[in-house]
Each structure stands twice: as C-alpha cells, then as structure tokens.
2 protein chains.
Amino acid sequence: MPKYLIKAMILPITGPDDFYPQGEIAIDGDRIVAVGERGSTPSDFVPERVIDLSNHVVMPGLVNTHTHAAMTMLRGYADDMPLMPWLEQKVWPFEAKMTAEDIYWGSALALCEMIRSGTTTMLDMYIMQEETAKAVLEAGTRASLSRGMVGLDMEAGEKSLQEGIELFQKFHNAGEGRLKVLLGPHAPYTCTGEFLQKIKQEAEKLGSGINIHIAETQAEIATIKERYGTTPVKWLESLGLFGGQVVAAHCVYVDDEDMDILKKYNVGIAHNAESNMKLNSGTAPIPQMLAKGLNVSIGTDGTSSNNDLDMFGEMRSASFLQKLIVSPESLKAYDVLEMATTGGAKVLGLDDVGKLAPGYKADLISVDFDQPHFYPRFSIPSHLVYCARGGDVSMVMVDGRILMQDGKLLTLDEQRICAEVEMRAKRIAGEV
Amino acid sequence: MPKYLIKAMILPITGPDDFYPQGEIAIDGDRIVAVGERGSTPSDFVPERVIDLSNHVVMPGLVNTHTHAAMTMLRGYADDMPLMPWLEQKVWPFEAKMTAEDIYWGSALALCEMIRSGTTTMLDMYIMQEETAKAVLEAGTRASLSRGMVGLDMEAGEKSLQEGIELFQKFHNAGEGRLKVLLGPHAPYTCTGEFLQKIKQEAEKLGSGINIHIAETQAEIATIKERYGTTPVKWLESLGLFGGQVVAAHCVYVDDEDMDILKKYNVGIAHNAESNMKLNSGTAPIPQMLAKGLNVSIGTDGTSSNNDLDMFGEMRSASFLQKLIVSPESLKAYDVLEMATTGGAKVLGLDDVGKLAPGYKADLISVDFDQPHFYPRFSIPSHLVYCARGGDVSMVMVDGRILMQDGKLLTLDEQRICAEVEMRAKRIAGEV
C-alpha cells in the first residue's frame, strides 16, 4: 500500500470537541501515523499519494455489530408480517433451501452494500460462515463471524458447535487479522442450558468470544420465565455464560438488575433500532444502559427485518426512537457517532479500530458534504447522524487499502454479484 | 416541451397490483398520454425524445404535505433540545433576524434538496412566502404555499392575514397553475377563536383552502382543554373552521370523536413521523385514521426538526413507527407509497397529480435500481419504502419538464444557493 496523505474535514471521534475543518491524515501501510490541521504532519512523512477531499468529511469507518449478511437473499421476500408466521412460513423454509454458494453470493451482496454505505467492520451470525469468510477476505473489509448455533436437542447443537469451532480454527485472525471468529449460540430460548455451558467451555478453550441474541421480544421473556423462572440475563449469568468477550444483540427487555449484570461482566450491547421497530419487538432502554456505563454499539440486523444495511439510517433511527420514547435530549448526535464507531470496536474487542488517531488502523470513510442537505454547516455530527445517508459515502479505506472511490467498488464485481443474487433468490423462492 | 417516451420499470400507483416491469410512459406537454407495457403506446404518438431508464423504477413524484422550506437556514443549528427552550432560545430569535433574501435562499436550498430526493410538490407554511413563491417558480416544482399566521392579539394577526390574502391574490394559480395558495393559521393555541373565524371568512371569500397545525403535542391538548374545555379538533369544529379544503398537520393527539369529525369534514391529514419522533411529540394514530377512511398524507416538517427533506426516509419512518407502536402489519409498503403520492395530491386538492395515468400531470421521478441495496427484486414497493433513499433518485420531471437528470439540477444554481445559505446562516447566528 502507498503512503497516503488525505486532505479533508476530519472528525476523528477522539472527543466531542475534536474536529479539523481543514485537516489532514497521514497513513503508512495499515496504520494512521498522524491526524491534525493542514500542515501538521511531521515533515519526515513523505506521501506517495495525496487525496484531496476538501469538501468531504473523513471519519472512522462504521462498525455494524449485528448482521446476518447472507440474508440479503431474502430482502423484500416477506414484509409486513407478524414475527412467528414471518419466520415459520417465510424465512425458515427459504433458508432451508440455501446452498453454500447462495450464502457466498448473499454475503458478497451485503458487503457491496456495506462498503458503499461506509461500514468497514461487521459482526455476523449465520450458517455456513466459511462462505461469508471467503467473501470478506475478497472484499477487504474487517469482520467478526459466528456460526449461529441452535441447540434445543444436543445432537443438532453439537454439529453446529463443531462447525463453529472449525470456523474459528480456520479463519480466526485470517486476512492479516481482519477476520475474527466468535462462537454464536443463537439465543437463550433456542439453546438448552447444558448446550450453552458446553459452548462456554469451548469458547474458553479456544480463547474466543461469544455472540448471542438476548431478550429481543416479550415472547422470549415469557418463555424463559416459564422455563426457568427468571429473566434471560439472569439465567445466562447463572449458567456462567458471561465473563470474557460476550456481545449481546437486542437486549430490548432488560430490567435494572439485568443491566447491572451486563455491566458487571462488561457484556457488549448491539442495539438494532430499526429491526426492533419493524418487527414490533420494542424499544431497548439505551439511555439507561449508557447511564450505567454499558458498552452500547449499533447494528442493522439482517435485511429481512430492516431492510437495508445503511448504518447512517440506523444511527438516525436509534436517536429518533429514543427521542420519541424518552426525551428530545436522548442519544445526542455525537454520542450516536461514538456508539457506531468506537463503541462498536470496543464491543468487538478491537482496540486499534474506531478512531482516527496515530497508531490506529487506517479504517476510514469520507462523506461528500458538497450536497444541499449538508448546508448550512452548523454541526458536523448533527449532519452525519440526522442528514447523511449511506449513498453520501464517497471513499472507503480498510487497513490502509481503498475499497471504494469515485463511486466504484475496487475489490468486488458488483454487477456479477447483483445478477447472481437475483437469479439465486428467485430460484429459491420457486423451490419453497 | 418535447414529446417524451420513457422506458422503465413503472409503478404507476393506480392500484396495488399495477406494475410494468418493462414499461413505457408517453408524455405530451405537461400531461401523460399513455402508460403501459413496452410497445403499448398508441402508434400515432411520435416521441421527440426517448429516455431509456430500463434499470430504474419510474413512479409519481412525491408530495410533501408539511414543510417550512426556508428553515433549511436553521438545519443543525439547534438539536437534541426540549421543545420550548429549542423554540424560545434558538428558533424564534434566529427567525427574528431573517430577511426576505434569507427566506428566498433558504427556500431555494430546500427546493434543491427536494428535487434531488424526488419531491415534486410541497405544502409550505412560513413567513415572507412571496420569496418562497419566487424560488418555486424558478425551480419549476409544484407547491401550495401559506403565510403562517399567529394571532393571539388581533393586530398582529390582522397584518399576517393581509399578507396571506395578498399572497393568494398574487400567486394562486401562478406558474401555469403549479402554485396554489392557502391561508395558514398557525395552530389553535396560537390564534384566538375570533381570529380563526376571520380567517375562515376570508378563505371563503377567496375560495382558498386552510393549512393549520392541529394537536401536535400534549401541551397543546392541555392548553386547549384549559382555555376551552375541549379538544383542539372539537373547538375548531365549533368555530366553523372545517368544511372546504383544510389540511391539518400532525394530529398526534386525536380521540375517536375527533377522528370522526375530521372524517365528516374531509379534513386532510399531514403526518410527520420523524418530526414527531425527534421532538418527542408522540405517535399519531395513523392506522385508526386509515380505518376510518381519512385522507392521510406524509410530510417532513421543517429541517430544524427532521433534519432533512427526504420523503423516502420519511415513508420508511412512518411505516416503522407504526409497526413498533401498533403491529408489524401496520402501514404496509404500498399503502405508504399511496399516502406519499395520491394521498398527498388528494389532501392538496390536486385531482390530476399523484398517479401515472393518462390525463394526469407529468410529475414523475425515477429511482436508480441498479444498486446493491435493491437486490434481489422480490417487491418494488417494499424496496421503495424500506430501502430507497433520496439520493437514489435519478431523474425528476414536473409538468412535463425535466428538473434533474444525470445528477444535475437543471433549473437551480445549486452551488450558489449552498454558498449563499452558508454565508447567511452564519451571519444570522452571529447576530442572535
């Protein structure tokens, strides 16, 4: 990779007052070496390529901490339905027909959309994740992957656990460290206690984290209450699942004690406002979580319940949802930007990602501010959260490598990917 | 204007099953003469210009029924604040410093953004609307304008009413009928009963409609209850304000009887989901309104409480909000598209706008579907509401005239407008 010097407005997400209206950022290999005002880069840094993005805002790449990437294959296949008929009549029969190749192409489509809309890192959970791993390695993004494991009987569970372990052995730290692998028990209501404890043991042996859905719906709360007489969080604590890296998606229904437990074990939260809205799941108590000092990050969930992977839209929805439910002062623009960048990196245990600062990975995006919806420019954070859309992203770099520039994806064959997905999705729908 | 033949996927919004995957639309002057499958246009129609948009979806232009266009000047100036401090400390002092020229440039910026995001008609309420009228005439869009009138004392009210009447006399039906003018009493809590009745009399004399905010917040409900012992809707009915064309923005807090009254007088509703979320106003009972047969349309409100004018985002938020509050089956994609097109036209009394059908005005937009977030293509309405964003709009035509094509605005000097707004907004903020 050449040494880059990028000239732009820079919002480094290193603190609420940090902004360089005429800034520059110096990149050597996969790392940032300097960020500051124009001319502040040490004079011994000699760039091989200078990129002028003066009317663009450069910020850290977005971290999407809850996805099911290959579900792009189901985008628009079933909408406006109640949760259970949607799953039972539409999603599950469709998924049962998906081949490994379908997973590959569906994941590749998700990555096209993510890069175009400024997401540089995702945490994914799905089946046949080695196909998603292949697509990520080709795309050049960063990703944490987890084989989703359902285990209400031990035999089916065991098989998915073995696949999860193999995924870890094969892909953890692959792609110069861009890939990470976690174990992915689906949820407390789809796994037995015995199975969850088995997964925890294996995670400890491997040194891997855990990615799990927790407390997404009222139905789940009722099920866990009936089965175990307690809340999902308390039940998981009693099983010893927490401790070590755990990412908990949703956490819509968590009480005060649950939140204290999540804080005690430093569990990372992946908040999915749009999916929770579309599926009528409810509103997670994000301001209370933040007040308790929990690590909260932002996810889109899969495109079957969203239906896009646009983290800019997701940031806005997360903020507006809390403003509606709690107060207009909830989830201020800069706080949401932190959740979607440094917050996501923290949840994923990536301690050199999510900020633009010397020594950090060169994962960054630019947003084209030379458009009417970004005027006047009173507040850059406000515009990024309340006005920007995925399509405003003009350049994407991960690990010092440019993945998109001037409207073109440089690592993926977008046209072929769209055509493959169109053909395959229609084939599957015909078979269901 | 040349005779156009546009080849595209066509969603005419003439019924939920109407869609031409390989369609064409013939336009003569300001009107549509034929819509159908490729080759279906009568052979005596000889186009002077053929536009090939095969991978794009052509649909009616969006109708935004609640805006304060010139408030783009305040975009990002004050966010994340409670309603009253936001108004008293930020919005009102800023507005008090705005000159006629500021209103012109602010309106022009709003029109740039609207055209780029597919809005072809707006219903605006603000001060110095003759400046907004000038901008609309230059932009070439369609608009209904109303001078906002606050009248808690008769003298101030009278002045704004005279300005509203002059606006009507000067601009109603201007621009080959593209401009309409309504009288714009601000709200039941900011106008006395006497003043509202005076406005109603003048509206009847002029033959104009009325544009008013109703039941936006719980505070308004409490105020009206305290002053008049009833609800805003019942109080306005008792004053005789309804009957004739009335557009009511918000209607967040309306009870069953209120909705029956709104139905009885055929009052048009402008629903503003994002503004209601951002300002913590609440959730309007849209499914109940639709069940009662009310005309419901969609608005963005001003950019101080949104902060963009993107009707695609607004459609999505309107749907997701009801799914969260009521049910995942609420506000299905096609229903929302109707609200944002034919619904808006009906509310504005424009009986030849909002659909693509022979005899209708040639107000249409195309959306570039050759992008990863529009694959696979199971449902065009789903993709338009749940995945499309303003920036996906590729072409805009109003009254048979192309206003945007290939990423370029053809009627407005966008660069100058952005620069003027930037300079003026900063000047005003410095004066406050």
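Each chain gets a letter, A, B and so on, in the order the sequences are listed, and its residues count up from 1.
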Toward chain B, the part of [X] with a non-hydrogen atom under 4.5 Å:
{"X": "A:Arg377", "result": "both"}
{"X": "A:His373", "result": "both"}
{"X": "A:Leu409", "result": "neither"}
{"X": "A:Arg389", "result": "side chain"}
{"X": "A:Glu329", "result": "both"}
{"X": "A:Val385", "result": "neither"}

| For A:Tyr386, the option from B:Asp80, B:Asp308, B:Asn306 that meets side-chain contact (heavy atoms from CB on, under 4.5 Å) |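 Single pass found, and it is B:Asp80.
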| said: Quick check against the 3.5 Å criterion: does A:Asn307 have a side-chain atom that pairs as donor or acceptor with the backbone of B:Cys387? | reply: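 Side chain of A:Asn307 to backbone of B:Cys387, a donor-acceptor pair under 3.5 Å: no, none is there.
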| message | Could you check whether any side-chain N or O of A:Asn280 sits under 3.5 Å from a backbone N or O of B:Leu324, counting only pairs where one atom can act as donor and the other as acceptor? | response |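 Checking the backbone N and O of B:Leu324 against the side chain of A:Asn280, a donor-acceptor pair under 3.5 Å is found.
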| message | Could you report the tightest heavy-atom contact between A:Glu422 and B:Pro376, atom names first, then the distance? | response |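 Reported closest heavy-atom pair: OE1-CA, 3.3 Å.
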| Spatial distance of atom CD (B:Glu113) from atom CZ (A:Phe374) [nearest 0.5 Å] |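 It comes to 9.5 Å.
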| If you round to the nearest 0.5 Å, how far is OG of B:Ser319 from CE of A:Met277? |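 One gets 9.0 Å once the value is rounded to the nearest 0.5 Å.
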| query | So which part of B:Ser379 gets closer than 4.5 Å to some heavy atom of chain A, the side chain, the backbone, both or neither? | reply |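 Both parts, backbone and side chain.
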| said: Is B:Glu274 close to chain A through its backbone or its side chain, or both, or neither, when contacts mean heavy atoms under 4.5 Å? | reply: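 Both backbone and side chain of B:Glu274 come within 4.5 Å of chain A.
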| For chain A, which residues of residues 423-432 of chain B have heavy atoms nearer than 4.5 angstrom |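 Counting heavy atoms that sit under 4.5 Å from chain A, the residues of residues 423-432 of chain B involved are B:Ala425, B:Lys426, B:Ala429.
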| Which residue out of A:Ser281, A:Ser382, A:Gly391, A:Cys418 racks up the most heavy-atom pairs below 4.5 Å with chain B? |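 Most heavy-atom pairs under 4.5 Å with chain B: A:Cys418.
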| query | Between B:Asp79 and A:Lys323, does at least one N-O distance fall below 4.0 Å, as a salt bridge requires? | reply |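 Looking at B:Asp79 and A:Lys323, the cut-off is not met.
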